[in-house]
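Here's the structure we're looking at; comments come further down.
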Amino acid sequence: MNTSVLRAPAEQTYADELARLAAADDRPRPTGWRLSPRAVRAFVVGDDELGVSRKYYGDDALVERCVVTLMSNRGLLLVGEPGTAKSMLSELFAAAISGDSTTTIQGSSGTTTDQITYSWNYALLLDRGPSREALVPGPLFRALADGALCRFEEVTRVTPEIADVLIGVLSDKVLHVPELDGDAAHVFAAPGFNLVATANLRDRGVHEMSSALKRRFNFETVRPIADRRLEVRLVREQTDALLRDAQVATRMDTDVVDLLVTAFSDLRTGTTAEGTVVEKPTAVMSAAEAVAVGYAATLDAHYLGDQQVTGRHVARQLIGTVLKDEPSDGTKLRHYVDVVIKDRARSAQQWRAFYDARSELNR
Amino acid sequence: MTTLTVAGMRSLAGRLVTDDLVVVGVRHHSPACARVVMRVFAERTPSVVLVEGPRSFDPLVPLLTHPQARMPLAVYAYVDPLKVDDEERNGPRRQAAYYPFADYSPELVALRLAAEHGVPARFCDLDLVEHDLAGPNLPGHDGRGSLLDEGHYAHSQGLAALAARLGCRDAEDLWELLFETAGPLEAREHAARVCAYAAPAREDSRDTIDTDGTTAREAEMAHHVRAALAARAPGDGPVLVVVGAFHALALPDLLTDPPPRPSLEARDVRTGEALIRYTFDRMDRLHGYGAGMTSPGWYQRLWDRDRQAPEARGPNGGAAEPSRVSVVVDTLMDIVVALRQAEHEAPVPQTTAALEHALRLAALRGHSTPLRSDLLDAVTATMVRGDMDVDGTRTLDVVRKVLTGTAMGVVPPGAGRPPLVDDALDRARAAGLDVDTAKRSRISLDLYRKAKHRQTSRLLHGLVLLGAPLGVRTGGPDFVAGTKLGRLQERWEYSWNPAVEGALVEAALYGSTVPEAVAAKFDEALTQAGPGADQATAGLARALVLGLHEHAVAVVPRVRGALVGEPVFTDAVTAAVRLALLVESREPLEAMRVEGLDDLLAAAYRRVVYLGHESLTGEPPDVVGALVRVRELLVSQAGSALDAELFWPVVVAAAQGHDSPQVRGGASGLLFSAGRWDDAALGAALRGMLAGGAAHAVDFVVGLLTTAREAVWQIPAVLEVLDGFLVGWSEEDFLGFLPSLRLAFAELTPRETDQVAGQVAVRHGVSSLGPLVRRDVSARQVQANLELSLAVRCLLVRDGLGGWVA
């Protein structure tokens with residue numbers, strides 16, 4: 001594993017798993033795919049016999065549907081709330097199918113067609129005129145030419161006029177380069193090309209996709225983890241991985257992880273285990289956020305405390321997660337602390353430690 | 001017990017299928033098992049047919065196999081203890097359950113073929129009442145579930161593990177893969193396979209079979225099989241036994257080492273069974289009670305297709321691949337048509353994409369042909385254009401309806417009346433209603449003091465819900481709408497007529513007693529109800545009016561959820577007021593039997609306060625009305641537990657900062673009436689409003705008079721302001737504001753009006769204003785007259801004749 005990079009792409013991190021899967025894979029592969037569909041599935045959901053870890057904790061049927069969609073002539077659009085592992089799935093599919101998850105377009109309101117399709121080396125362009133050498137291929141161009149999976153993150157943040165460049169590519173599987181002549185004017189998709197996009201459908205700053213574009217995709221909704229035990233496992237594993245990378249020896253105890261996951265679950269679903277109803281803050285309380293809070297709390301305890309992570313550390317970081325820009329979220333969080341946590345603080349030590357951070361809420 | 005090995009299963013199969021005995025282990029509602037039965041009949045005609053089911057169903061066999069009977073039908077079996085004795089815990093309880101039949105049920109196929117071949121056929125299991133005696137610790141059949149016991153498969157860990165290994169979702173998916181996609185097997189091969197399927201489930205349930213009645217039932221079945229074998233002459237056809245695969249496993253050992261026949265005597269009970277028509281929708285709902293395979297419509301298609309094309313068989317006699325795929329295509333086309341009818345776009349390329357997806361998914365999962373779950377997944381992937389929770393639910397609802405199917409059975413002539421009709425008649429007679437003549441009668445029910453009258457009220461309301469027009473409510477308190485609550489008696493007009501009977505026959509598929517049918521119908525209405533707090537609390541009120549107190553327990557969480565999400569202030573207030581009404585109506589509604597009602601009221605109040613701070617929106621008169629109702633709620637008995645101090649800040653904020661002057665006026669009035677604002681404060685508010693312009697001030701006064709009429713004569717400032725307007729306004733302004741002022745002053749009683757008139761007179765230095773009430777003209781006429789006069793005056797002034805006007 002490459003430790004000089006902050007975060008390596010999935011095909012490097014899991015290179016040995018991919019190699020094992022390829023070696024044991026004797027099933028037919030669609031043209032352009034490095035692994036058979038079943039091996040791609042095994043990469044994502046795990047295979048005990050081959051020593052492949054489970055990376056996605058959720059609905060296996062979703063993974064199967066995604067794999068089949070990527071074999072078809074439609075793109076795959078993963079939608080859902082932030083923090084539900086859509087980008088992770090997109091990365092894993094690209095790593096397994098094409099061996100390369102870096103052919104990515106990051107969507108934003110400033111994305112232009114240059115960043116999607118191609119742009120020019122202007123010096124060469126001016127010197128010798130339009131030619132294939134002067135053309136700088138964008139991610140979509142490369143994916144088409146190489147027959148690989150192209151990732152498009154946050155496709156709904158891109159303005160509809162720009163996003164519609166995908167329509168022609170997805171229906172005819174060809175990209176036109178009018179500046180060039182002859183064969184170079186058309187880039188036909190090599191077998192193995194497809195597009196996997198992600199989007200948050202209900203958020204500020206997202207555009208409505210045109211229905212022509214919607215029709216070129218199969219939509220799959222990625223949901224937050226419903227199973228608490230899985231969520232606890234996920235939070236613990238990911239926090240531990242981050243702490244290992246940062247070379248921090250402190251870890252959260254079981255009861256602190258439970259507290260963290262419970263608090264997130266309460267605020268996400270709006271109901272506590274005891275049945276009390278709480279107002280849901282507008283901030284998204286996803287598993288990814290929980291991992292971030294756990295990580296930050298441990299760092300807080302390690303560097304600024306006595307290396308014992310308590311509910312208080314979690315509370316301090318949680319407040320920052322919930323209070324983003326919506327003032328009413330402050331009221332909701334205070335209400336949660338005053339009604340639910342105060343009650344729990346009477347009988348559980350870590351919840352009492354959490355409640356002790358109450359004063360910090362009055363920021 | 002046989003070991004779970006291939007050899008073990010084959011040896012077991014060898015004992016299940018012999019020269020004199022053929023045991024076909026089935027899952028109920030399995031077309032594949034039905035085809036095995038057909039094959040047995042084709043290869044060697046049995047001499048007698050035994051089917052798993054209560055013995056008391058024997059008389060119904062001719063009706064089930066009647067040529068005019070159309071499936072789906074169900075047999076409804078019930079047990080009624082004659083004395084309801086609370087101390088007699090050992091006696092049987094009230095029990096009822098359904099036993100559904102479809103064209104592809106192996107049991108029905110066996111019965112039909114037996115009738116065709118003139119072979120005697122009978123049922124061989126314990127009766128319902130004996131079930132209960134054999135398994136006293138069970139929760140029992142409550143009238144909503146099925147007699148077909150297949151819960152073992154769903155709960156088996158072994159089957160779940162096998163399903164996961166073979167790429168299947170659950171035990172149902174696994175069955176479809178292993179059995180429904182293959183052709184009709186020869187009996188011994190089928191026996192081996194079906195035993196292998198049931199064995200893990202049998203293994204996992206080892207601890208419960210003695211106490212859940214299984215042992216007793218299997219002993220009974222074994223007894224019948226032995227008797228049939230003994231009565232068989234050599235050379236006769238074999239004894240054909242159609243029982244659940246779970247029981248088939250145990251049968252060989254029970255035949256070689258027979259246990260004593262259970263003798264369970266049921267005393268003091270009335271039992272019965274009736275054949276009623278049924279629907280695929282109800283059959284699918286029974287699945288929740290562990291009763292067999294879902295999506296009857298899907299299996300019916302597979303069955304029909306197979307019957308249509310017997311020549312398209314594969315190498316081992318199975319349905320050829322293309323035949324099954326063509327069922328998938330047909331189903332997909334029906335789904336597309338339904339989606340288009342529901343105004344959901346489904347163009348042709350999408351349909352082909354869905355089919356391709358289904359086929360590829362099946363291949364990925366290692367299924368030889370697409371299963372129902374593959375089709376469902378394919379539609380999910382290709383036809384949902386957005387978030388699953390938003391766009392997806394509608395699409396999937398449509399898909400489920402298509403897969404479930406809409407078939408409704410027809411009961412053959414001679415089947416008699418469904419039990420629901422008789423039950424309704426019995427209950428009506430017990431309530432003292434005259435239902436034996438066609439006379440129209442009236443009845444008055446004392447809901448507050450007589451329990452028996454409350455029962456009658458519930459019966460009548462319940463029949464209305466079922467669509468049976470026995471009675472029409474002509475008067476009395478309406479707890480759902482919250483009107484006429486001062487009435488103590490509920491009045492009904494009723495008469496029994498054929499329409500009532502017809503409606504009850506139609507409603508028979510909801511249940512066979514009135515409470516059951518009402519509960520089922522109510523549940524259905526509940527799932528279709530909207531999400532708002534108003535609807536949810538109305539649902540709760542309706543449940544109590546109908547006497548569905550056990551059901552109310554299920555409605556409470558819905559209400560809570562609806563309250564928390566309610567965005568509209570006025571609706572939240574309506575919900576809170578209704579809940580308070582339910583809490584207070586102890587006697588007629590017996591609401592104290594519903595737990596958590598007080599909590600609900602508290603939750604509703606909290607929501608009202610929250611919305612009062614965050615979002616006090618709505619039409620101004622409605623908002624003022626809502627504020628008044630909250631005030632009334634807080635001073636009522638039910639509201640005494642609520643914290644009034646949380647409400648006043650809402651009112652103060654409304655009085656000082658709300659956009660609508662009318663709301664500000666109303667809120668100010670509330671504060672004045674409650675003594676929280678004194679004269680000076682109110683006067684200041686009024687003067688402030690006046691500075692904002694005449695229109696604002698009038699609206700403010702309208703609002704004020706709605707909530708604090710007494711302000712007009714008690715506070716000189718108010719009258720001063722009003723007087724100032726009226727003096728200062730032009731004719732046009734006056735006419736413009738006249739309707740609003742009329743509305744405002746309409747709140748006053750005649751005495752109060754007189755009092756105000758007196759004070760006005762004093763201000764203007766006259767002793768009296770003269771008679772104020774005109775009975776000979778209407779307000780509209782006066783308004784029209786004034787407007788006309790104004791128009792005439794303007795014309796005269798325009799023509800320079802202003803001097804003519806006095």
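Being a predicted model, the structure only gives us computed values, none of them experimental. Chain letters run A, B, ... following the sequence lines, proteins first and then strands; every chain starts at 1.
For A363(B), the part sitting under 4.5 Å from any heavy atom of chain A is the backbone (N, CA, C, O) and nothing else. Residue S373(B) does not touch chain A at all, counting heavy-atom pairs closer than 4.5 Å.
Top candidate by heavy-atom pairs under 4.5 Å with chain B, chosen from N73(A), V67(A), T221(A), is T221(A). Counting heavy-atom pairs closer than 4.5 Å to chain A, the top residue among G386(B), A353(B), P347(B) is G386(B). Of the listed residues (T69(A), V79(A), V278(A)), the one with the most heavy-atom contacts under 4.5 Å to chain B is T69(A). For the set E64(A), M71(A), K214(A), the entry with the most heavy-atom pairs within less than 4.5 Å of chain B is E64(A). With respect to chain B, the highest number of heavy-atom pairs below 4.5 Å among N218(A), L77(A), L62(A) belongs to N218(A).
Residue-environment remark: NZ (K173(A)) exceeds the threshold of 12 foreign heavy atoms within 6.0 Å. In R20(A), the CZ atom is crowded: over 12 heavy atoms of neighbouring residues, nucleotides or ligands sit closer than 6.0 Å. No more than 12 heavy-atom neighbours from other residues, nucleotides or ligands sit within 6.0 angstrom of NZ on K280(A).
H357(B) and S72(A) share no donor-acceptor pair across their side chains, judged by distance under 3.5 Å alone.
In this structure, the side chain of R38(A) engages the main chain of L364(B) through a donor-acceptor pair within 3.5 Å. Of the possible donor and acceptor atoms, none in the side chain of R215(A) sits under 3.5 Å from a partner among the backbone N and O of P349(B).
Residue R385(B) comes nearest to F219(A) through the heavy atom pair NH1-CD1, 3.6 Å, listed as atom of the first residue, atom of the second, then distance.
The shortest side-chain heavy-atom distance between Q350(B) and R74(A) falls under the 4.5 Å cut-off. At a threshold of 4.5 Å between non-hydrogen side-chain atoms, the residues Y610(B) and K332(A) count as touching.
Take A163(A) and apply the side-chain contact (heavy atoms from CB on, under 4.5 Å) test, not counting sequence neighbours, and it matches V158(A), L213(A).
Close approach to chain A, defined as a heavy atom under 4.5 Å from one of its heavy atoms, is seen in R169(B) of residues 161-169 of chain B, taken by number.
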